[in-house]
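Heads up: the structure comes next, in structure tokens.
In what follows, every chain begins at residue 1, and chains take the letters A, B, ... in the order their sequences are listed.
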2 protein chains.
Amino acid sequence: MATIKDIADKVGVTVTSVSRVLNNRGYISEMLKKRVQEAMEELNYQPNEVARSLIRKKSNIIGLIIPDVSHPFFGEVTKYIEYYADKNGYKLLLCNSKLNKLKEKEYINMLKGSQVDGIIMGSHTMDTKDYTSIKLPMVTLDRQITDTIPYISSDNYKGGELATNLLIKKGCKKIAHISGNLHLNLLAKLRHDAFKKVITNKGIEHIVLQTEINGFNYDEYEQLVSSMFREHPDIDGVFASSDIIAAQVLKECYRIGKSVPEDMKIVGYDGIQLGQLITPGITTIKQPTKEIGKMAVRLIIEQIEGQDVSKENILPVKLIERQST
Amino acid sequence: MATIKDIADKVGVTVTSVSRVLNNRGYISEMLKKRVQEAMEELNYQPNEVARSLIRKKSNIIGLIIPDVSHPFFGEVTKYIEYYADKNGYKLLLCNSKLNKLKEKEYINMLKGSQVDGIIMGSHTMDTKDYTSIKLPMVTLDRQITDTIPYISSDNYKGGELATNLLIKKGCKKIAHISGNLHLNLLAKLRHDAFKKVITNKGIEHIVLQTEINGFNYDEYEQLVSSMFREHPDIDGVFASSDIIAAQVLKECYRIGKSVPEDMKIVGYDGIQLGQLITPGITTIKQPTKEIGKMAVRLIIEQIEGQDVSKENILPVKLIERQST
DNA sequence: TTGTATGCGTTATCAT
DNA sequence: ATGATAACGCATACAA
């Protein structure tokens, strides 16, 4: 690969001058500028960003730690994060933690070693102090770690209310809420809280289940849903904490011959694109993945640039009614 | 952030010695080794990988260019690529090209500038010479660019045969194949070729449709499928080139009141995890995403290490019969 | 307007 | 067994 020295030699000047045209700073004659640019073209020169990072103390890389890109919700968020990062001249280093504490720690060290300029944390299984000691611009998704680390989440409480109220309005008499794991300290827990509050207020029979702490296991969901229906055959409404789980519920309904929405009404969560494909369409609470991604990148960059950013960033959710209710 | 110099100062030696214990090379007394390690612990030292990359001329970063992580197939492949990259001490830089030629070019330049050690190309919209001029370890997914660039694909022809034969065996009289765009020069075209051959051999009525060239647009799929059924109401079997499209077909069947598999049989492609969730289960040709990811990483690393690698790497597919046939 | 010298954090080659 | 010094490719303060 050609270096700045090669260009300089070719043009017959020093690297300083080449660097000047490269960065468009300081005085340079139009003549020189042109000759340098030609030489760059000819040698197909690409500045070595590693060297630049070293001297600038800035890598223009953002680290992203999420549980699993292949989970549709995270896949969508990742797509948008990458899009906005690129748009702003940043690159994205992808890390799948699989909600594993050790892995998460290793990734954070790796990212620090790689001199990333900031970290977007979509996976948080560690203890608070492990995050506060990171000393790097950071944004978390769906978890409030301290009041110093900015977080982004959608309005989980509102989402929980919308979902629960809808099921009640539609006449459900016994409603199950299948939550993600409540020990992860995620803000998603607020969906559960809203569910509890609304449903006890209205005095409606209900149960709450939660998934295992480690990752997204479709087989586990299947087990969970199937045993739920076995133990509570009188359930006529389910508020699931993801569209994936909702789809699993729908599938089980088919299997045991419950018709949706007549015998059973289902509300999912996330509003993933794939939800459109399932029949009957699953009513869901849509999280604004695009805005989440956009804001995550913006907050990271603002911190990198030394600006103050707002710590609490709650984006609106939207109820999308389809045929499952 | 602490540097190697800080450690050296703290211990009272030169950076040379610290570097020695860091890399475990050359002579170092056990005593020194221990003191250095303690100092590293205390200062929470992380070697600066940027500086290392610069002098070693090796970044330990692999670039991945795909159309879209949020597409389930690529999401799964990406997950495994990241997994195996990490396992082998490499980091992953993610790029979503959206099948855009210009974007792809920009990403390639960016990756070269970033000194990545190799590129996994899952998006290929450029011309052959644009790839051959890259001069970097490379592996392509599902496209044979030249006989010098190794590629990985699953057995598309076999997949096409399996799907087509199954539909015929199940008694379909008029079969549609909905293909990805055939001008992209993807090996996925072989699915189409197999379809054509099998079906003309058996003299069965058929039609072929293809999707637009740019990206994965659910609305476009919907249009396509719906107009297909309008124009060819007598179709009783569909071989779709992805599970997403197959799900779209299924959805349209519900909408227009065709029952599956009685009036219409559907075979998808990819075997994405989400396929399990849809009811009725969509029969599909499963691509070995995990093996694809694993092999992609292996082939890149072997090239980085200067080894010769096999150019043609075709992995087996598997027919998974579910209720849609 | 251009060049010289220095340094970013690390590794590698010689010395000692 | 340890240290001094150069080098990786680039950017910048200071000279000229």
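- Taking only side-chain atoms of A:Thr3, from C-beta outward, the nucleotide of D:dG9, D:dT2, C:dT10 with the closest atom is D:dG9.
- At least one side-chain heavy atom of B:Leu111 sits under 4.5 Å from a side-chain heavy atom of B:Ile65.
- Among the protein residues, B:Arg20 comes within range of the nucleic acid bases, having at least one heavy atom under 4.0 Å from a base atom.
- In this structure, the CE atom of B:Met31 is 14 Å from the C1' atom of D:dA1, given to the nearest Å.
- Between B:Ile55 and B:Tyr27, the residue whose closest nucleotide on DNA chain D is further toward the 5' end is B:Tyr27.
- Surrounding CD of A:Glu41 are at most 12 heavy atoms belonging to other residues, nucleotides or ligands under 6.0 Å away.
- Taking atom CD1 of A:Ile4 as the reference point, atom C1' of C:dG3 lies 13 Å away to the nearest angstrom.
- For the pair B:Lys57 and D:dG9, the criterion of a side-chain N or O lying under 4.0 Å from OP1 or OP2 is met.
- Looking at B:Lys135, B:Lys105, B:Lys101 one by one, the single match for salt bridge (charged side-chain N to carboxylate O under 4.0 Å, His left out) with B:Asp130 turns out to be B:Lys105.
- Between the NZ atom of B:Lys58 and the P atom of C:dT10 there is a distance of 18 Å, rounded to whole Å.
- Proximity note for A:Ala51 (side chain, C-beta onward) versus D:dA11, D:dC10, C:dT11: the nearest is D:dC10.
- Separating the CG atom of A:Leu54 from the C1' atom of D:dT12 is a distance of 14 Å, rounded to the nearest angstrom.
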side-chain contact (heavy atoms from CB on, under 4.5 Å) between B:Glu38 and B:Lys34, worked out: CA-CA 6 Å; B:Glu38 281 170 11; B:Lys34 214 178 135 195; 3.7 Å; yes
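- Looking at heavy-atom distances under 4.0 Å, A:Thr14 makes contact with a base.
- Distances shorter than 4.0 Å separate none of the side-chain N or O atoms of B:Thr16 from OP1 or OP2 on C:dA12.
- Nearest nucleotide to the B:Asn23 side chain, out of D:dC10, C:dT11, C:dT2: C:dT11.
- Here D:dG3 presents its C1' atom at 15 Å from CD1 of B:Ile28, a figure rounded to the nearest Å.
- The side chain of B:Tyr45 places no N or O atom within less than 4.0 Å of a non-bridging phosphate oxygen (OP1 or OP2) of C:dG9.
- Residues A:Leu299 and A:Met295 are in side-chain contact: their nearest non-hydrogen atoms beyond the backbone lie under 4.5 Å apart.
- Taking 4.0 angstrom as the limit, B:Ser19 places none of its side-chain polar atoms (N or O) nearer than this to OP1 or OP2 of C:dA12.
- Among the protein residues, B:Val13 comes within range of the sugar-phosphate backbone only, with heavy atoms under 4.0 Å from sugar or phosphate atoms but none that close to a base.
- A cation-pi arrangement is present between A:Lys103 and A:Tyr107, with the terminal nitrogen or guanidinium carbon under 6.0 Å from the aromatic centre and inside a 45° cone about the axis.
- Atom-to-atom, CG of A:Asp6 to P of D:dC8 comes out at 11 Å; the value is rounded to the nearest Å.
- The CD atom of B:Gln115 sits 9 Å away from the P atom of D:dG9 (whole-angstrom rounding).
- You won't find any donor-acceptor pair under 3.5 Å spanning the side chain of B:Arg52 and the base of C:dT11, going by distance alone.
- What separates CD of B:Gln46 from C1' of C:dT10 is a distance of 14 Å, to the nearest Å.
- Within the 4.0 Å cut-off from OP1 or OP2 of D:dC10, not a single side-chain nitrogen or oxygen of A:Arg56 is found.
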